[in-house]
Amino acid sequence: MKGLLTILIILVLLTFAFVIGTQNEAYITVNYLIAQANMRVSTLIAIALSLGVLVGILIMSASWLRLRVQLLSANSKINSLNKEH
């Protein structure tokens, strides 16, 4: 049930993003460090959102991995103490 609710929320958010993206037809100039580009506002929003999600996933994965290593270490200590007694 939780997975179905998550998928439903994601679909609603994607639909909302699509509707907003279709309303932003204006072109803007984006200045990079060494170049510049003309792109639609919706494209810029999609790029920024994708980069934000990617950075969030990387940070979350690093935190999860650190906690997973701590859990495995604690479990191995527990198992070694249980074998001693």
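Side-chain heavy atoms closer than 4.5 Å link hydrophobic residues (I, L, V, M, F, W, Y) into clusters, and following such links, possibly through other members, connects Y32 to I47. In the hydrophobic cluster analysis, where Ile, Leu, Val, Met, Phe, Trp and Tyr join through side-chain heavy atoms closer than 4.5 angstrom, L51 is grouped together with L44.
Contact annotation: the side chain of M39 approaches that of V30 to within less than 4.5 Å [non-hydrogen atoms, C-beta and beyond]. Side-chain contact between N38 and I28 is absent, with no heavy-atom pair separated by less than 4.5 Å.
Under a cut-off of 6.0 angstrom, the local environment of CZ in F16 is sparse, with at most 12 non-hydrogen atoms contributed by other residues, nucleotides or ligands.
One distance of note links CD of Q36 with CG of N31; it measures 5.0 Å at 0.5 Å rounding. The distance from the CG atom of N79 to the CG atom of N75 is 6.5 Å, given to the nearest 0.5 Å. Atoms OG and CD, from S80 and E84 in turn, are 6.0 Å apart once rounded to the nearest 0.5 Å. The structure places CD1 of I45 at 11.5 Å from OG of S50, a figure rounded to the nearest 0.5 Å. How far CZ of R40 is from OG1 of T43: 5.0 Å, rounded to the nearest 0.5 Å. Once rounded to the nearest 0.5 Å, the distance linking CG of L72 with CD of Q70 reads 10.5 Å.
The one candidate from L4, L8, I10, I9 that meets the side-chain contact (heavy atoms from CB on, under 4.5 Å) condition with T6 is I10.
Considering only residues two or more places apart in sequence or on other chains, S63 meets the side chain to side chain donor-acceptor pair (under 3.5 Å) condition with none of them.
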